[in-house]
Amino acid sequence: MHYLAFLFSSNDEKFEALFLAYDDHATFQLFKSFRRVRINFSNPKVAARARIELHETKFNGKKLKLYFAQVQNQGPDGDNLHLAPPQPAKQFLISPPASPPVGWQQIDDATPIINYDLLYAVAKLGPGEKYELHAGTESTPSVVVHVCDSETEDEDEPKNSPKPKIIQTRRPDLPPAMSN
């Protein structure tokens, strides 16, 4: 409907009278910002008859455009026409519970196992030497450890060496078509 139809209460009474002729218990909801009216009838058959007879009739110089929407209620046996939520087994996978399951016990972390033989063997390794841990065969490679020199051993020298300058990477040239 045109927005001017909502400005005067006399128009409201005339408009409502059109539909109250079909159902005395009809209710009206005006949505001025959408320029729409929702009419709730007590019976779907009455609503369908009103829509058929009043669709595209003139009211205050404008054509009425009527649409029929049926409200979905629960069926007589109590089942709902909407989708049911998933079973609880599926919900646990979608979202974990806020608290732990019944009977859950926190496990204490095990004490770390320190292999002192391994620590002793690593401490004996000297820089620049190589040690074969596993001899190779025809089907397996050998495992050899090469010990590197440590930079922290040279603490006798002062650290007056200048920091290396980081050279910024040059931006590539633009293609000739882009430079114009």
Checklist entry - To the nearest 0.5 Å, what is the distance between CZ (F19) and CD (E53)? => result 11.0 Å
Next on the checklist: Check this for me: H146, atom NE2, are more than 12 non-hydrogen atoms of other residues, nucleotides or ligands nearer than 6.0 Å?
Outcome noted: yes
Next on the checklist: Just verifying a value: how many Å separate H55 NE2 and Y67 OH, rounded to the nearest 0.5 Å?
Outcome noted: 7.0 Å
Checklist entry - Which atoms form the tightest heavy-atom contact between N43 and D23, and what is the distance? => result N-OD2, 4.2 Å
Item to check | Gap between atom OH of Y22 and atom CD1 of I52 - 0.5 Å precision | outcome: 10.0 Å
Checklist entry - Measuring from F41:CZ to L20:CG, what's the distance to the nearest 0.5 Å? => result 8.5 Å
Next on the checklist: Minimum heavy-atom separation for V144 and K130, please, with both atom names.
Outcome noted: CG1-CB, 4.1 Å
Next on the checklist: Checking L18 against L64 for the side chain to side chain contact (heavy atoms under 4.5 Å, CB included) test, could you report, in this order, the C-alpha distance in whole Å, the side-chain angles of both residues, the deciding distance, and whether it holds?
Outcome noted: CA-CA 11 Å; L18 285 174; L64 293 178; 4.1 Å; yes
Checklist entry - When rounded to the nearest 0.5 angstrom, what distance separates CZ in R51 from CD in E56? => result 8.5 Å
Next on the checklist: Return the CG to NZ distance between N60 and K14, rounded to the nearest 0.5 Å.
Outcome noted: 6.0 Å
Next on the checklist: Applying side chain to side chain contact (heavy atoms under 4.5 Å, CB included), can you list everything that pairs with Q106, at least two apart in sequence or on another chain?
Outcome noted: W104
Checklist entry - Which heavy atom in T57 sits nearest to a heavy atom in L54, and how many Å separate them? => result OG1-O, 2.9 Å
Checklist entry - At their closest point, which heavy atom of A50 faces which heavy atom of L66, and how far apart are they? => result O-CD1, 3.9 Å
Checklist entry - What's the shortest heavy-atom distance between G136 and S142, and which atoms? => result N-CB, 3.3 Å
